[in-house]
> 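Take a look at the following structure, please.
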Amino acid sequence: PLPLHNDSRVDVPWVLGRALKALQGPTWRLLLETCHHCDQHEMSTWHRPEEYEGAKDIVDETVRHQKTVELMSVHLPTPLLNQRLGACEVFLLPPAKAEGQSHPAVAYLLHSKLISRTWPTVKSLLWKLNHSMPSMDEAWRSALCRDKVKRSFSQFMVVSKAKQKFKAAGLLSRVEAALQKRRRSLSFLEEVLNACREQQMDMQEPRVAKALDLYERLKRLRKELAVAREQKQLLELRDALTSAEELQFWDSEVVVAETSFTALLSEAQTALQRRDVQRLQATLEGWLPRDGTLEDWSGGDGETYDLSLLKEAAGRHVEWQGLVSSVRSAYKQVMSRDVPETSHLEALRSTFQCCEAAKLRGLPAEEVDSWRHALQIFYERQVAQRRSSEPDVQRSQEDRVAAELFKALNATPIRLEHLEGALQMAEMEGAPICKIGEEQEPWHLPRGLHRLAPLAAKHQRQLQKLRSRVEELLMTPTLELLDIPAEADGYEVAGSRRGFSDPSIEAARQVCERGLSVRLQDRTLYMRLGPRNDRDRDVAGHPASVLVTLRRDATLPEEQLTTDSNGCCFLPEGTEGIRVTLPNEPGLLPMNVSMCLLRRGWHREQLENDPQMLRALVLPGSGRCYLSLGGARSHFPS
């Protein structure tokens, strides 16, 4: 056996030590010293040669398992066979000494069969390499640590690459989502592209390159929208909005531009319908092309941003401004002389009649009055001439015009177009229609032309203001619209209630008042509750929740049915009459519906208020309510 020392050192023969030192190489080596020529001393030992071959496999297996430090397995037949018979020793040989390096021992004995009388195992060798050797050799411990760091770094790199690959896949999915045609957002595209740059992705990748191109296009498009809207370039705005719609571009600038375009169309349409000169001028101000060409202001049917309405409005604007300019020019010529010439007055009358024939509105009231004052001179000259030449004919004409004025003011209800026509005839007869508001309202209608004309002109102005107010309320309905039907019905002239009828008033009634539409088809009763509508093919409203009381035979009691969620119920055979009640509207009286009328199609029943019901209409957000006795006077549709 090898001699042992108290400090865990063993002495080996000089010949063995020289052999171990000679076998040192540039790396750590695991050396196995074994007995050899076992067949020559088989009679003197108990070991078998095949067991030493197994020891070689154990050392090789240990080297394969020890992946932390680079190892080589070396086999050394013992050089001192006579002294080390039966040896199976495992040594760890450090690398050959380099400059600045040193090891405390030539070799480290990991296992000795001569000492322990046992064979080595892979487990015991690995345990000593990983747990015992680090405390005995600094170089071995450093090699283990370097390998751990290397392995950790390798694992980190693998994980990092996996994370990058995962993030890249996620970013590409976000890029694909940004490229889809559904509410494309510039901010989302910018966020995705910035994330791709941060991850150092290949910006030439087809999907990323496509996203970059789309981002640049949308960025240019947003700038074009802003410039076209601010500088009022209509064609450029139309083209930019069309491109935004094709690209499904969603952005705050697109919303603002589309809102501006929609408001422009709405204002132009309203000004055209009302024939309002000033409103149309304010709407189109800045949008008209400088060269005056409107050929490009067009669009086909079905286009979202069709300019045909604006083209029509621009044409009307030029036409109406031409009429107004001609009247102003003629008026300027009239006022250029102290005593107006008849030819100038005739030109003013001709142009002003053309302006009135166009039924233009929105002109300054003071300017129109000044035109009428100037024309009054012309009409007075004509009337004076006719009175001197044909007094009876002139008197008869004045009486006829006075009768027309009386008829227009005495009508129930008053119609503005009839009153305006009678006033035009009175003006041509020299009646003082410009003295508006100077005379008090009489208690009865006078008969004379010169007293009727100022009164008629005053009511013309009042009714025109009421009509304009109703038209504004129809555009933006408020609670004030509820009082319009009653105000129109209660309009008074000379102390008598006449009422006022106009298409705008009827439109207000349709908005405020409701009706119940009933129809019977194949013994199924259909009911709709909504605004009144006389067009059978277009029944407005929503399904009504109705309690139907039906009568079939005088000997049978009344039966009650309720409509379903679609406003329908099935009528049994033999039904002779029905009575309809709205449970959710306690302020309304029941309605008796004729079966004969139901078979003709949709039938409209008027909703009448219960005179004994007190209703309160709550004004949201104001903390106030509107009380009415006899049910709600009028209703907004639900």
Side-chain angles (χ1 to χ4, degrees), residues 275 327 345-346 348-361 363 365 368-468 488-506:
R275 307 183 73 84
V327 177
L345 291 171
E346 181 68 31
L348 178 60
R349 185 191 68 166
S350 176
T351 55
F352 186 66
Q353 284 181 346
C354 292
C355 193
E356 285 191 322
K359 296 183 178 180
L360 301 183
R361 296 163 61 181
L363 295 172
V368 176
D369 287 343
S370 64
W371 298 343
R372 293 188 183 278
H373 274 294
L375 286 176
Q376 197 72 25
I377 301 174
F378 175 73
Y379 293 136
E380 287 176 355
R381 288 181 183 179
Q382 286 188 332
V383 170
Q385 184 178 0
R386 288 196 297 267
R387 282 177 180 173
S388 61
S389 59
E390 299 176 343
D392 294 337
V393 175
Q394 178 61 27
R395 191 178 301 108
S396 175
Q397 179 68 12
E398 291 180 359
D399 291 343
R400 186 177 66 82
V401 173
E404 289 293 331
L405 274 179
F406 185 86
K407 180 180 178 181
L409 288 174
N410 198 42
T412 305
I414 295 178
R415 298 185 179 275
L416 190 56
E417 60 271 15
H418 297 167
L419 184 60
E420 290 174 343
L423 273 174
Q424 287 183 1
M425 292 189 296
E427 184 180 14
M428 297 178 64
E429 298 304 323
I433 64 173
C434 295
K435 297 178 182 179
I436 300 172
E438 294 182 1
E439 296 185 1
Q440 295 182 354
E441 186 81 9
W443 289 103
H444 58 85
L445 279 177
R447 292 286 182 173
L449 177 61
H450 288 265
R451 292 189 62 193
L452 277 172
L455 180 64
K458 184 178 80 170
H459 285 285
Q460 179 195 22
R461 291 296 181 88
Q462 291 178 355
L463 294 177
Q464 286 176 347
K465 290 181 180 179
L466 177 59
R467 181 181 62 183
S468 299
D489 293 340
Y491 190 80
E492 295 184 356
V493 177
S496 299
R497 183 174 179 176
R498 300 297 178 186
F500 175 44
S501 177
D502 189 78
S504 62
I505 302 297
E506 295 304 318

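Just so you know, these numbers use all the heavy atoms, side chains as well, and skip hydrogens, waters and symmetry mates. Residue numbers count from 1 along this sequence.
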> Taking the side chain as everything from C-beta on, heavy atoms only, tell me whether Leu405 gets closer than 4.5 Å to Met425.
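A side-chain contact under 4.5 Å is absent here.
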> Is there a salt bridge (charged side-chain N to carboxylate O under 4.0 Å, His left out) between Glu346 and Arg349 once you walk through the steps?
CA-CA 5 Å; Glu346 181 68 31; Arg349 185 191 68 166; 2.4 Å; yes
> Please assess Arg497 against Asp489 for the test side chain to side chain contact (heavy atoms under 4.5 Å, CB included), listing each intermediate value before the final yes or no.
CA-CA 8 Å; Arg497 183 174 179 176; Asp489 293 340; 3.8 Å; yes
> Taking atom CZ of Phe406 and atom CZ of Arg451, what is their separation to the nearest 0.5 Å?
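Between atom CZ of Phe406 and atom CZ of Arg451 there are 12.0 Å.
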> Can you name the closest pair of heavy atoms from Leu452 and Ala402 and give their distance?
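Between these two residues, the closest heavy atoms are CD1-O, 3.4 Å.
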> Quick one: closest heavy-atom pair of Arg361 and Ser468, and the distance?
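Closest pair (atom of Arg361, atom of Ser468, distance): NH2-OG, 3.5 Å.
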> From Gln460 CD over to Lys465 NZ, what is the distance, rounded to the nearest 0.5 angstrom?
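The NZ atom of Lys465 is 11.5 Å from CD of Gln460, to the nearest 0.5 Å.
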> Of all heavy-atom pairs between Thr351 and Val327, which one has the smallest distance, and what is that distance?
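It is O-CG2, 3.5 Å.
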> Which pairs of donor and acceptor atoms, one on a side chain in residues 412-421, lie under 3.5 Å apart (sequence neighbours left out)?
unit_1	atom_1	unit_2	atom_2	d
Arg415	NH1	Ser501	OG	3.2
Glu420	OE2	Gln464	NE2	3.0

> The criterion is side-chain contact (heavy atoms from CB on, under 4.5 Å); which residues satisfy it with Leu363, sequence neighbours excluded?
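Leu363: side-chain contact (heavy atoms from CB on, under 4.5 Å) contacts with Val277, Val324, Cys355, Val368, Trp371.
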> Parallel, tilted or perpendicular: which describes the rings of His459 and Tyr491, with under 30° parallel and over 60° perpendicular?
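Ring orientation of His459 relative to Tyr491: perpendicular.
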> Does some side-chain heavy atom of Phe500 sit less than 4.5 Å from a side-chain heavy atom of Ile505?
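Yes, side chains in contact.
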> Report the residues that fulfil side-chain contact (heavy atoms from CB on, under 4.5 Å) with Ser396, sequence neighbours left out, ordered by chain and then residue number.
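Checked Ser396 against side-chain contact (heavy atoms from CB on, under 4.5 Å); zero matches.
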> Report yes or no: does Ser388 contribute a side-chain atom to a donor-acceptor pair with the main-chain N or O of Ala384 at less than 3.5 Å?
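Indeed, once roles are kept as given, a pair shorter than 3.5 Å links the two residues.
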> Considering only heavy atoms from C-beta outward, does the side chain of Gln424 approach that of Glu356 to under 4.5 Å?
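Side-chain contact under 4.5 Å: yes.
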> Do the charged groups of Arg395 and Asp392 touch, with an N to O distance under 4.0 Å?
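Yes, charged N to carboxylate O under 4.0 Å.
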> Specify the closest pair of heavy atoms between Ser504 and Arg467, including all atoms of both residues, with the distance to one decimal.
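That closest heavy-atom pairing would be OG-CG, 3.7 Å.
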> As a quick check of understanding, evaluate salt bridge (charged side-chain N to carboxylate O under 4.0 Å, His left out) for Arg461 and Asp369, giving each step before the final call.
CA-CA 12 Å; Arg461 291 296 181 88; Asp369 287 343; 2.8 Å; yes
